[in-house]
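Single-structure report; data block below.
If you're wondering where the values come from, they're calculated on a predicted model, not measured in any experiment. The analysis underlying the following values was restricted to heavy atoms, covering all of them including side chains, and did not include hydrogens, waters or symmetry mates.
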Amino acid sequence: MGNKSILVTGGAGYIGSHTVRQLGEAGEQIVTLDNLSTGNRKAVLSGDFVQGDTGDGNLVGKILTDYDVDTVIHFAAHTVVPESVTNPLKYYWNNTCSTRNLLEQCQKHGVKNFIFSSTAAVYGFPESGYASEDTPTAPINPYGTSKLMTEWMLRDLSQASDLNYVALRYFNVAGCDPQCRIGQSTPNATLLIKVAAEAAVGKREKLFVFGTDYDTEDGTGVRDYIHVEDLADAHLKALDYLRDGGKSTILNVGYGHGYSVREVIDAVNRVNGKPLTVEEQPRRAGDPPMLISIADAIRNKLNWSPKHDDLDFIVKTALDWEHKLLQQK
Ligand code: UD1
């Protein structure tokens, strides 16, 4: 018997659309559910598409039945950390309450496998700057807390039912489809590589460097940047793992090493062939000096091995996408 269908929530978003594309290339049956609040219908390159909310129990129940779904990959969420601080209930509603309703339907309709996009934000500020899966969770913003609450719901539901899950804690995702079919189209972006790429193509006047006095090698913040294609692939590997009867687990997704803001700027200058205009600013509130994954577990458990662990390649794909967006205007 062939595999059943996969419901992808948030499949029209940045990471979701890259995963849907890879699932389609792997021959999977997919249905995407997305309310298009930030997603883009055109980014869904495979399978069927339904517009709606993950919290809409009737709609989700109908999709699970109509498509004979046994796996859910859940991306749909609000993801802007500063917004979560000013409007926490928006985040608890969409990221926590809606997920609760989604899980209720999964239980009701006998969904077996659940893959969840969690975040390194559940760790807050680990003292050493490195986080493994057993580093204590201590989120410092409602975004991180809302995701951690979903991890807890999954833990409890998996113990009370047949559902198995993989929660993937993403580090700093960047870059785009190397063939430039889809990319990161977030309006008012704040993430470093996206913002730097916008500055490089002239959409922004300059790039601000937030903090040059951290206790790091060159004084700027250090992060574990991972290419979105490798992150999407981690979801496919998690799917194989669950289908093979793997037990519920939580895994970091990162390369296990980091780059400073200045190193990212050097990469953008190198790849783009001309220097960015840069302005140094004080530290941004809530930024840890360094956050790097300890990510051996995902390599061992899921047999995941990254293909794009190369900062210049990450930056190149981000720049190519930014050029494409400019041409479309
Ligand atoms: C942010 C979130 C994190 C979330 C992650 C992925 C915060 C505090 N953290 O990570 O919870 O999991 O996105 O969605 O919002 N920087 C600049 N100039 C810029 C932008 C960033 O210097 O214009 C610096 C930052 O100070 C930081 C580094 O670049 O040192 C990375 O920042 P960013 O790309 O915003 O990601 P995080 O803050 O690490």
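In this structure Asn40 satisfies the side-chain hydrogen bond (donor to acceptor under 3.5 Å, both in side chains) test with no other residue, sequence neighbours excluded. Applying the side-chain hydrogen bond (donor to acceptor under 3.5 Å, both in side chains) criterion to Gln51, with sequence neighbours excluded, gives no partner residue. Listed by chain and residue number, Thr220, Ser260 satisfy the side-chain hydrogen bond (donor to acceptor under 3.5 Å, both in side chains) test with Asp218 (two or more places apart in sequence, or in another chain).
Taking CD1 of Ile298 as the reference point, atom CD of Glu133 lies at 8.5 Å (rounded to 0.5 Å). For the atom pair Thr65 OG1 and His109 NE2, the distance stands at 4.5 Å (nearest 0.5 Å). Rounding to the nearest 0.5 Å gives a distance of 11.5 Å between CD1 of Ile30 and OG1 of Thr71. The distance from atom NE2 of His323 to atom CG of Asn272, rounded to the nearest 0.5 Å, is 5.5 Å. Of the inter-residue distances, the one linking Leu239 atom CG with Leu302 atom CG reads 10.5 Å to the nearest 0.5 angstrom. Taking SG of Cys176 as the reference point, atom CG of Asp320 lies at 8.5 Å (rounded to 0.5 Å).
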For this session: Evaluate the side-chain contact (heavy atoms from CB on, under 4.5 Å) criterion for residues Val228 and Gln184: first the C-alpha distance (whole Å), next the side-chain angles of each, then the deciding distance (0.1 Å), finally the verdict.
Result: CA-CA 10 Å; Val228 67; Gln184 192 176 9; over 6 Å; no
Problem set entry | Chi angles and distances behind the side-chain hydrogen bond (donor to acceptor under 3.5 Å, both in side chains) call for His74, Thr54 | CA-CA 9 Å; His74 181 37; Thr54 47; 5.2 Å; no
Exercise. Passes side-chain contact (heavy atoms from CB on, under 4.5 Å), Gln22 versus Glu28? Steps please.
Worked result: CA-CA 9 Å; Gln22 289 191 9; Glu28 299 287 349; over 6 Å; no
For this session: Begin with the C-alpha distance, continue with both residues' side-chain angles, and end with the deciding distance and a verdict on side-chain contact (heavy atoms from CB on, under 4.5 Å) for Tyr123 and Asn252.
Result: CA-CA 11 Å; Tyr123 296 117; Asn252 284 344; 2.7 Å; yes
For this session: Just do the side-chain contact (heavy atoms from CB on, under 4.5 Å) check on Thr145 and Tyr92 with the steps written out, would you?
Result: CA-CA 9 Å; Thr145 309; Tyr92 291 121; 3.3 Å; yes
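Thr96 places no side-chain N or O within donor-acceptor distance of the main-chain N or O of Trp93, the cut-off being under 3.5 Å. Distance alone, capped at 3.5 Å, is enough to place a donor-acceptor pair between the Ser5 side chain and the Tyr67 backbone. Without hydrogens or angle criteria, Arg21 side chain to Ala43 main chain gives no donor-acceptor distance under 3.5 Å. The closest donor-acceptor contact from the side chain of Thr9 to the backbone of Ala76 lies under 3.5 Å. Proximity of a side-chain donor or acceptor of Lys324 to a complementary backbone N or O of Cys180 within less than 3.5 Å is detected. In this structure a side-chain-to-backbone donor-acceptor pair under 3.5 Å is missing from Ser248 to Asn164. In this structure, Asp230 contributes its side chain and His308 its backbone to a donor-acceptor pair below 3.5 Å. With Asn35 contributing its side chain and Ser37 its backbone, the two residues share a donor-acceptor pair below 3.5 Å. No donor-acceptor distance shorter than 3.5 angstrom exists from the side chain of Lys112 to the backbone of Asp162, with no hydrogens or angles considered. A distance-only check finds a donor-acceptor pair linking the side chain of Tyr91 to the backbone of Val80 [under 3.5 Å].
Linking ILVMFWY residues whenever their side-chain heavy atoms come closer than 4.5 Å, directly or via other members, places Val195 and Ile265 in the same cluster. The cluster map of Ile, Leu, Val, Met, Phe, Trp and Tyr, joined by side-chain heavy atoms under 4.5 Å apart, puts Val50 and Val60 in the same cluster. By the criterion of side-chain heavy atoms lying less than 4.5 angstrom apart, applied directly or through intervening Ile, Leu, Val, Met, Phe, Trp or Tyr residues, Ile250 is grouped together with Leu154 in one hydrophobic cluster. Under the 4.5 Å side-chain contact rule for hydrophobic residues, Leu311 and Leu319 share a cluster. Using a 4.5 Å cut-off between side-chain heavy atoms of Ile, Leu, Val, Met, Phe, Trp and Tyr, with links allowed through other members, Leu168 and Tyr130 fall into different hydrophobic clusters.
Note on ring orientation: taking the six-membered ring where Trp is involved, the planes of His235 and Phe75 are tilted (angle from 30° to 60°). The aromatic rings of Phe208 and Phe210 sit parallel to each other, their planes meeting at less than 30°, with 60° as the upper class boundary. The aromatic rings of Tyr255 and His257 lie parallel to each other, with less than 30° between the two planes, well short of the 60° mark.
Between Leu163 and Val111 the shortest heavy-atom distance is CD1-O, 3.7 Å. Residue Ala174 comes nearest to Ile193 through the heavy atom pair CB-CD1, 3.7 Å, listed as atom of the first residue, atom of the second, then distance. The shortest heavy-atom contact between Leu103 and Phe114 is CD2-CE1, 3.6 Å. Closest of all the heavy-atom pairs between Val44 and Gly11 is CG2-O, 3.7 Å. Contact record, Gly55 with Asn101: O-ND2, 3.0 Å, taken as the closest heavy-atom pair. Nearest approach of Lys4 to Asp68, heavy atoms of both residues: CB-O, 3.3 Å.
A salt bridge is defined here as a Lys NZ or Arg NE, NH1 or NH2 lying under 4.0 Å from an Asp or Glu carboxylate O, and Arg270 with Asp266 fails to meet this definition. Arg155 has no carboxylate O lying under 4.0 Å from a charged side-chain N of Glu151, or vice versa, which leaves the two without a salt bridge. One finds a salt bridge joining Glu280 and Arg262 here, because a Lys/Arg side-chain nitrogen approaches an Asp/Glu carboxylate oxygen to under 4.0 Å. The pair Arg100-Glu104 meets the salt-bridge criterion, since a charged nitrogen lies less than 4.0 angstrom from a carboxylate oxygen.
Enclosure of atom CD in Glu25 by more than 12 non-hydrogen atoms of other residues, nucleotides or ligands within 6.0 angstrom is indicated. Within 6.0 Å of CD in Glu279 there are more than 12 heavy atoms belonging to other residues, nucleotides or ligands. By the neighbour-count criterion of 12 heavy atoms within 6.0 Å, atom NZ of Lys316 is sparsely surrounded, having that number or fewer from other residues, nucleotides or ligands.
Side-chain contact between His78 and Asn87 is absent, with no heavy atoms from C-beta onward closer than 4.5 Å. Under the 4.5 Å side-chain criterion, counting only non-hydrogen atoms from C-beta, Val253 is in contact with Trp304. Using a 4.5 Å heavy-atom cutoff, the side chains of Leu23 and Ile73 are in contact.
Counting only N and O atoms by type, the side chains of Lys301 and Thr249 include a donor and acceptor under 3.5 Å apart. Judged purely by distance below 3.5 Å, without hydrogens or angles, the side chains of Tyr143 and Glu83 never pair a donor atom with an acceptor atom.
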